[in-house]
Amino acid sequence: MRRREFLYDGLAGACTLAFAKCSAPKAISSVDSRIEILIGESLGTISPDIYGHFTENLGGVVYDGMWVGENSKVPNIDGIRTKLIEEMRKIKAPVVRYPGGCFADSYDWRDGIGPADKRPRRTNFWSDGEESGAPTSHKYDPNQFGTNEFVHFCKLIGAQPYLAANVRSLSAGEFYRWVEYCNSPAGATTLADIRAAAGYVEPFNVRFWGVGNESWGCGGNFTPQEYASEFRRFTTWVPHYGQRLFFIASGPNVDDWNWTRGFFEEILRKGRSPLRSIYGIALHHYAWNVSRGRTQDWVQGKGDALKFDAVEWYELLREGEHMESLINGHWHIMGEADPSHAVKLIVDEWGPWYRPGSEVTPGDQLEQVPTLRDAVFSGMTLDIFNRHPEKVAMANCAQLINCLNSLYLAHEDKFCVTPVGHVFAMYAAHQGGQAVRTMFSAPTISYDRDGKPAAFWGLQGSASLHDKDLVLTVVNPAIRDPREAEIVIRDARIKVVVGTTLTHPDIHAHNTFERKEEVFPQTKPLPVSSGTLTHTFPPASVSSLVLTLA
Ligand code: AHR
């Protein structure tokens with residue numbers, strides 16, 4: 001079964017894999033790697049929005065994860081889980097996408113406004129995948145969390161809302177009305193009055209609007225040409241209310257170059273002006289196939305979130321690393337239609353996707369437990385985005401809580417930050433910095449891929465300049481080998497360095513409600529000698545170094 005078929009057909013079953021603990025790290029005594037940072041060679045400004053998030057009305061993401069209700073015994077602010085708000089403030093969350101995902105193209109935003117006790121219950125897009133014991137709110141959407149609550153959540157954490165419009169099952173007119181509900185001035189329209197009656201007099205000024213989701217699949221099963229024509233219709237003459245609207249087109253699935261090319265060719269058939277309404281095109285890439293090339297089947301190719309061997313560790317990273325060639329490939333095709341590259345890439349779904357079985361809360365559809373592997377994966381992916389600041393304007397990790405590559409797990413009054421959450425905290429300092437060219441040289445990792453030799457890079461990362469501070473993040477994917485690197489800053493001397501490292505002797509390590517700090521970052525000052533730095537990056541680690549330059 002291919003992913004596209006899954007998106008039409010729903011979820012299927014699982015199997016198990018044996019795994020082994022990794023052996024003790026090998027000791028090495030001398031410098032074997034080099035990181036050279038060229039602070040004079042800017043790659044562009046890192047958009048804070050590449051550190052964005054994604055929250056879909058799916059399984060335990062909204063109900064239980066984000067929304068506990070005002071009368072809950074779980075500490076909350078206006079019904080929203082307080083702990084989540086606190087954690088998201090810490091990571092400077094810039095933008096959150098909602099309500100889907102596939103859910104978005106069957107959602108009627110009108111169901112989620114007005115007095116909470118008058119809101120209808122509706123069948124959730126994901127209802128057929130829910131297990132019989134799953135909470136009713138996962139199968140039948142109670143609509144207690146809607147536009148008001150979502151925008152309020154964004155305001156509480158200091159993020160911009162990014163709403164995904166329904167193209168498959170609502171009209172363009174309904175999309176305009178949603179924009180009107182959110183953005184028309186106080187007292188100006190009937191919808192503004194309805195918003196005010198709920199306590200939101202001032203407009204929400206929502207700027208990011210997704211026009212459908214995965215329109216090649218669950219979002220309508222369109223051809224790129226059909227979708228481009230829908231996109232033109234949905235985005236023509238939308239009232240602005242003084243707020244620039246940033247429209248995001250539904251983009252390709254992974255390496256579907258044909259989608260990107262077909263979409264832009266069709267857009268241009270009406271001349272160049274429709275191009276100006278596109279802020280970005282949304283690329284989705286999940287890393288799921290750890291079968292070592294044995295199958296392309298969406299179900300059979302997946303591995304377990306917690307039980308994996310060394311080969312699966314590398315296979316997952318290899319799948320994730322594909323992100324860089326996807327960015328380059330789609331960017332190249334976008335340039336055929338848009339040589340000045342006014343349209344940016346928005347990677348609004350990314351992360352690993354494992355088979356079911358590791359849910360901390362049984363019945364939470366698509367929930368998986370992130371391990372150290374997912375932290376390394378996430379660091380690697382964020383570094384890729386940092387290295388392409390001129391191309392990637394926004395990215396949204398899928399998904400925030402109780403789902404795929406989640407930063408947080410929660411159930412009732414239990415909550416924990418996952419290793420992925422820690423990586424977001426460690427990388428937050430990159431936001432808004434000048435990405436600078438950085439060269440990594442380290443021994444290549446060799447591993448046995450079922451009798452065939454395979455290789456993976458030894459060290460990778462990214463660097464950004466913030467006045468006199470340089471932020472360097474580095475991933476060492478090797479399961480056994482530390483890497484001792486000489487860190488050289490071209491044309492500058494290092495004064496002070498503070499380093500934070502996330503690692504664990506067991507590559508399967510993860511946090512749970514009982515052991516919340518099993519995987520936890522360690523921060524300490526690092527010794528600088530004559531303006532230079534030599535640092536050991538432990539095996540299976542993510543590091544963040546803040547260097548103050550002389
Ligand atoms: O993140 C889960 C699902 O993956 C989303 O709903 C969909 O857009 C994608 O296929």
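Whatever order the structure lists ligands and atoms in, that order sets their numbers, starting from 1.
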* Asked: Given Trp126, Phe125, Tyr286, Phe103, which has its nearest heavy atom closest to atom 1 (O) of ligand 1?
  -> Tyr286
* Asp309/Arg292 salt bridge by N-O under 4.0 Å criterion -> yes
* Short list, please: which atoms of ligand 1 are under 4.0 Å from a heavy atom of Asn213? -> 8 (O)
* Any salt bridge between Glu86 and Arg89, counting N to O under 4.0 Å? -> no
* Taking the side chain from Gln144 and the backbone from Gly69, do they hold a donor-acceptor pair closer than 3.5 Å? -> no
* In ligand 1, which numbered atoms sit nearer than 4.0 Å to a non-hydrogen atom of Glu214? -> 7 (C), 8 (O), 9 (C), 10 (O)
* Asked: Arg318 and Glu321: salt bridge (Lys or Arg N to Asp or Glu O under 4.0 Å), yes or no, with the steps?
  -> CA-CA 5 Å; Arg318 181 187 289 282; Glu321 188 213 20; 5.9 Å; no
* **Face-on cation placement of Arg81 at Phe415 ring, 6.0 Å and 45° thresholds** => no
* With a cut-off of under 6.0 Å to the ring centre and 45° to the axis, is Arg177 in cation-pi contact with Tyr181? -> no
* His284-ligand 1 polar pair, N/O distance under 3.5 Å -> no
* Per-atom contacts, ligand 1 versus Cys102 - under 4.0 Å to a heavy atom -> 5 (C), 6 (O), 7 (C), 8 (O)
* To do: Compute the shortest N/O to N/O distance between Phe54 and ligand 1 and return yes if it is under 3.5 Å, no if not.
  => no
* Asked: So is Glu349 polar-close to ligand 1, meaning N/O to N/O under 3.5 Å?
  -> yes
